[in-house]
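All values below come from the heavy atoms of this structure, side chains included, with hydrogens, waters and symmetry mates left out. Predicted model only: the values in this text are computed from it and were never measured.
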Amino acid sequence: NSLKARMRADDLSALRDEYAHVHKFLDGELGGIGLSPISTGSNVDAKVAIVMQDFAGAETLEVVQSDPELREYAIATGRKKGLQSNKNLDTILESMGMTTADVYMTNAMLFVKQGTMSAPIKAVDVAYSVDNYVAEELEIVDPEVVLCLGGAAFDSLRKHYGAKGGVDSFEANGRRYIKLPHPSPLS
């Protein structure tokens, strides 16, 4: 789609040289139906979307790339096999009677940061990703509810829409945005 093509063409100069395109990893095979690899297997007709913080760090992707089992799993699912935050996310979805196939998933930060999965990301960089790509991606998918897992995802979307009020939720464009904890601390 044109949004994905525009993202791949982004020279990332606004983000300095701290980030890379996700398609630079795993021989370009990593990339979901949406803008984030985590959207692999997502339901584009879902009434619920989940926005995670970011996908992974470059060092993490290099480890995944070098291990055939991890590589195959990442390409098939858009997720890192065995990661506790993914297990926790699955548990959260199961408690609501859903699986990842029932929701649309993406990330607030669509570009790969340097370092490991736990490397920090600047709020201004997450805002760049949301303002230029993620908000439009959510408009196209058009879910009724967006679950933002973690403060970075929620805060960047709230600022994008200029939403006032609620520290845990807001409404914009007929859609409810709800802040939930990132699944990693739930382990």
Side-chain angles (χ1 to χ4, degrees), residues 1-42 49-67 70-71 73-86 89 100 104-141 146-161 177 179 181-185:
N1 73 38
S2 63
L3 185 59
K4 196 172 205 174
R6 196 175 81 218
M7 186 183 124
R8 280 182 171 234
D10 190 332
D11 68 7
L12 303 182
S13 59
L15 297 176
R16 300 161 302 284
D17 59 358
E18 297 175 37
Y19 299 92
H21 289 283
V22 73
H23 70 273
K24 302 271 187 202
F25 296 88
L26 301 177
D27 303 323
E29 296 182 57
L30 192 58
I33 55 173
L35 299 181
S36 170
I38 202 163
S39 65
T40 301
S42 280
I50 294 176
V51 180
M52 303 285 284
Q53 177 177 294
D54 65 317
F55 180 64
E59 287 179 24
T60 303
L61 287 175
E62 288 165 8
V63 169
V64 169
Q65 185 162 307
S66 66
D67 181 308
L70 293 178
R71 177 188 171 87
Y73 186 84
I75 291 169
T77 66
R79 303 187 333 162
K80 184 174 185 261
K81 188 173 188 171
L83 190 64
Q84 188 62 47
S85 60
N86 288 336
L89 175 60
T100 56
Y104 183 83
M105 297 191 338
T106 192
N107 290 309
M109 181 55 165
L110 296 172
F111 303 102
V112 178
K113 62 192 170 191
Q114 297 301 312
T116 65
M117 189 171 289
S118 60
I121 301 173
K122 296 177 178 114
V124 66
D125 297 337
V126 178
Y128 175 86
S129 180
V130 165
D131 292 345
N132 288 282
Y133 304 104
V134 179
E136 187 175 344
E137 178 182 23
L138 291 171
E139 294 299 320
I140 292 167
V141 175
V146 177
L147 302 176
C148 303
L149 302 187
F154 180 78
D155 291 342
S156 60
L157 283 160
R158 183 172 56 181
K159 288 176 186 170
H160 174 81
Y161 288 109
Y177 293 80
K179 179 181 179 182
H182 189 280
S184 63

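When side chains are defined from C-beta on, K179 does not count as touching R158, because their heavy atoms never get closer than 4.5 Å. Using a 4.5 Å cut-off on side-chain heavy atoms (C-beta onward), V130 and K159 make no contact. Annotation: side chain of L138 is in contact with side chain of Y177 (closest heavy-atom distance under 4.5 Å). Using a 4.5 Å cut-off on side-chain heavy atoms (C-beta onward), L89 and I50 make contact. Taking the side chain as every heavy atom from C-beta outward, S156 and M109 never approach each other to under 4.5 Å. At a threshold of 4.5 Å between non-hydrogen side-chain atoms, the residues D125 and F111 do not count as touching.
Considering all non-hydrogen atoms of both residues, L157 and C148 come closest at CD1-SG, 3.8 Å. Here the closest heavy-atom approach between residue H160 and residue A135 is recorded as NE2-CB, 3.2 Å. Listed here is the closest heavy atom pair of Y73 and R79: CD2-O, 3.3 Å. Closest non-hydrogen pair, N107 versus V134, comes out as O-CG2, 3.3 Å. A pairwise comparison of heavy atoms in P120 and K113 identifies O-CD, 4.3 Å as the closest pair.
Applying the salt bridge (charged side-chain N to carboxylate O under 4.0 Å, His left out) criterion to K81, with sequence neighbours excluded, gives E69.
The CD atom of E137 sits 13.0 Å away from atom CG of N132, with the distance rounded to the nearest 0.5 Å. One distance of note links CE of M105 with CG of L149; it measures 9.0 Å at 0.5 Å rounding. Here E139 contributes atom CD and E136 contributes atom CD; the two are 8.5 Å apart, rounded to the nearest 0.5 Å. In this structure, L147 CG and F154 CZ are separated by 11.5 Å, a value rounded to the nearest 0.5 Å. Going from atom NZ of K80 over to atom CE of M117 covers 5.5 Å, rounded to the nearest 0.5 Å.
Partner of V126 under the side-chain contact (heavy atoms from CB on, under 4.5 Å) criterion, chosen from I121, L110, D54: I121.
Distance alone, capped at 3.5 Å, is enough to place a donor-acceptor pair between the S129 side chain and the A108 backbone.
Ring orientation note: the planes of Y128 and Y133 are nearly perpendicular, at an angle over 60° on the 30°/60° scale.
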